[in-house]
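Reviewing the structure listed below.
We're numbering straight along the sequence, starting at 1.
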Amino acid sequence: MRESPALVESRRFGTRTVPVLRPLGWLAAGWRDFMRCPLPGLLHGLLLAVFGAALFWAARSQFWLLSGAFSGFLLVAPILATGLYAVSRALQRSGRADLAVSLRAWRPRDGRLVVFGVLLAFAGTGWVMTSASLITSLAPTPVRNPQDFVRVVLLADQGYLFEIWLALGGLLAAPVFASSVVAIPLLLDREVGVLAAVFTSWRVVMDNPLPMALWAGLIMALTLLGMATLMLGLVVVVPWIAHASWHAYRDLVDTSGLAERP
């Protein structure tokens with residue numbers, strides 16, 4: 001049986017296994033990059049914090065929509081950090097980076113990152129619609145605010161709405177995480193196809209299940225912490241995670257056989 005060309009392409013380079021606690025090292029390296037070149041990170045974080053606050057304000061009376069929208073936002077966030085991957089790349093290459101480096105990463109030199117971003121947007125939109133449909137259809141009373149969500153969904157005496165909601169969210173989030181955890185930095189850094197980058201990302205996760213589970217948990221915990229501070233924490237959390245994600249990619253993927261992108 002003939003293999004997919006993208007699968008063959010992804011096997012041109014290798015993946016590495018790392019210790020379970022290696023994600024803590026990625027966070028440390030990401031923090032160093034943030035401190036060395038803070039302006040691009042602060043601007044990215046501020047824009048995402050403002051977007052999150054606007055989203056909360058727009059959906060404040062429809063919490064069933066808000067919960068799905070924030071979950072969907074987490075799914076598409078990796079593509080929004082592309083400029084910060086470029087900053088970490090420049091720091092690793094030459095020791096210097098500035099705002100212009102992050103802005104240049106958004107120039108549409110080819111369509112690969114655009115294609116990946118569209119796919120993530122579809123995944124996020126699908127979850128928003130699924131979450132909204134689930135809660136509005138199965139909740140015994142309307143869910144309009146966080147108190148309603150806690151009372152009607154989280155602490156419901158009967159039924160398993162919260163468990164179903166979490167399970168569906170996990171079913172969507174897990175493959176999206178596995179498909180994107182190193183794919184976007186790889187597409188930025190090397191000449192490789194979108195499907196080959198996705199297959200590589202899956203190989204990384206399968207080769208490192210425990211470290212990647214810890215990494216996913218750290219990303220979720222830091223993001224929730226940032227949101228819990230009225231979105232202000234996202235100003236720091238977003239660039240920290242983005243820079244750390246670049247170091248995760250460099251640790252986990254052996255790209256020595258691939259041509260670098262300029």
Note to self: Evaluate Leu222 against Leu27 for side chain to side chain contact (heavy atoms under 4.5 Å, CB included), listing each step before the verdict.
What the structure shows: CA-CA 11 Å; Leu222 288 172; Leu27 286 177; 4.0 Å; yes

Only residue of Thr223, Leu218, Leu84, Leu234 satisfying side-chain contact (heavy atoms from CB on, under 4.5 Å) with Ile241 is Thr223

Main-chain N/O of Arg36 paired to Asp33 side chain as donor or acceptor, under 3.5 Å: no

Rounding to 0.5 Å, atoms CD (Glu191) and CD (Glu260) come to a distance of 10.0 Å

In short, Trp26 meets Ala244 closest at the heavy-atom pair O-CB, 3.2 Å

query = In terms of side-chain heavy atoms, does Thr17 have a donor or acceptor partner in Asp207 at a distance below 3.5 Å?
reply = no

With a 3.5 Å distance limit and no angle check, can you tell me whether Arg190 reaches the backbone of Thr255 through a side-chain donor-acceptor pair? yes

Q. In terms of hydrophobic clusters joined by side-chain contacts under 4.5 Å, are Val101 and Phe34 together?
A. no

Looking only at heavy atoms, the pair that brings Ala105 and Ala86 closest together is CB-CB, 3.7 Å

Correct closest heavy-atom pair for Val253 and Val204 would be CG2-CG2, 4.0 Å

### Task
Just do the side chain to side chain contact (heavy atoms under 4.5 Å, CB included) check on Leu46 and Leu42 with the steps written out, would you?
CA-CA 6 Å; Leu46 180 61; Leu42 290 173; over 6 Å; no

Check your understanding: Using a distance-only test with no angle check, is there a side-chain donor-acceptor pair under 3.5 angstrom linking Ser88 and Arg250?
Key -> no

Would you say the side chain of Met212 lies within less than 4.5 Å of the side chain of Phe177, judging by non-hydrogen atoms?
-> yes

Sub-3.5 Å donor-acceptor pair from the side chain of Ser201 to the main-chain atoms of Ala178, do we have one?
-> yes

d(Asp189 CG, Arg89 CZ) to nearest 0.5 Å is 4.5 Å

* To do: Treating Ile, Leu, Val, Met, Phe, Trp and Tyr as nodes and any side-chain heavy-atom pair under 4.5 angstrom as an edge, say whether Leu230 and Val237 lie in one connected cluster.
  => no

With clusters defined by side-chain heavy atoms of hydrophobic residues (ILVMFWY) lying less than 4.5 Å apart, directly or transitively, does Ile79 cluster with Trp215?
yes

Tightest non-hydrogen contact, residues Ala196 and Val192, listed as CB-CG2, 3.6 Å

Rounded to the nearest 0.5 angstrom, the CG-CG distance for Leu24 and Leu214 is 6.0 Å

Is the centre of the Trp246 ring less than 6.0 Å from the centre of the Tyr249 ring? yes

Note: Pro40 and Ser102 closest approach over all heavy atoms is CB-OG, 3.8 Å

Of all heavy-atom pairs linking Ala197 and Ala183, the shortest is O-CB, 3.8 Å

I'd like to know if the side chain of Asn208 reaches the main chain of Val18, judged simply by a donor and an acceptor atom lying under 3.5 Å from each other, with no hydrogens or angles considered.
yes

Is atom CZ of Arg93 surrounded by more than 12 heavy atoms (other residues, nucleotides or ligands) closer than 6.0 Å? yes

same_hphob_cluster(Val176, Leu187) at 4.5 Å side-chain heavy-atom cutoff: yes

| request: Any chance you could lay out the ring-ring contact (aromatic ring centres under 6.0 Å, His included) test for Phe199 and Trp202, step after step, and finish with the verdict? | output: CA-CA 5 Å; Phe199 287 145; Trp202 274 91; 9.2 Å; no

* If two hydrophobic side chains count as joined below 4.5 Å and joins carry through other members, does Val181 share a cluster with Trp240? -> yes

(message) Checking the side chain of Arg96 only, and the main-chain atoms of Ala90 only, is there a donor and an acceptor separated by less than 3.5 Å?
(response) no

Between the OG1 atom in Thr15 and the CG atom in Asp251, the distance rounded to the nearest 0.5 Å is 12.0 Å

Salt-bridged, Arg16 to Asp254, with N to O below 4.0 Å? yes

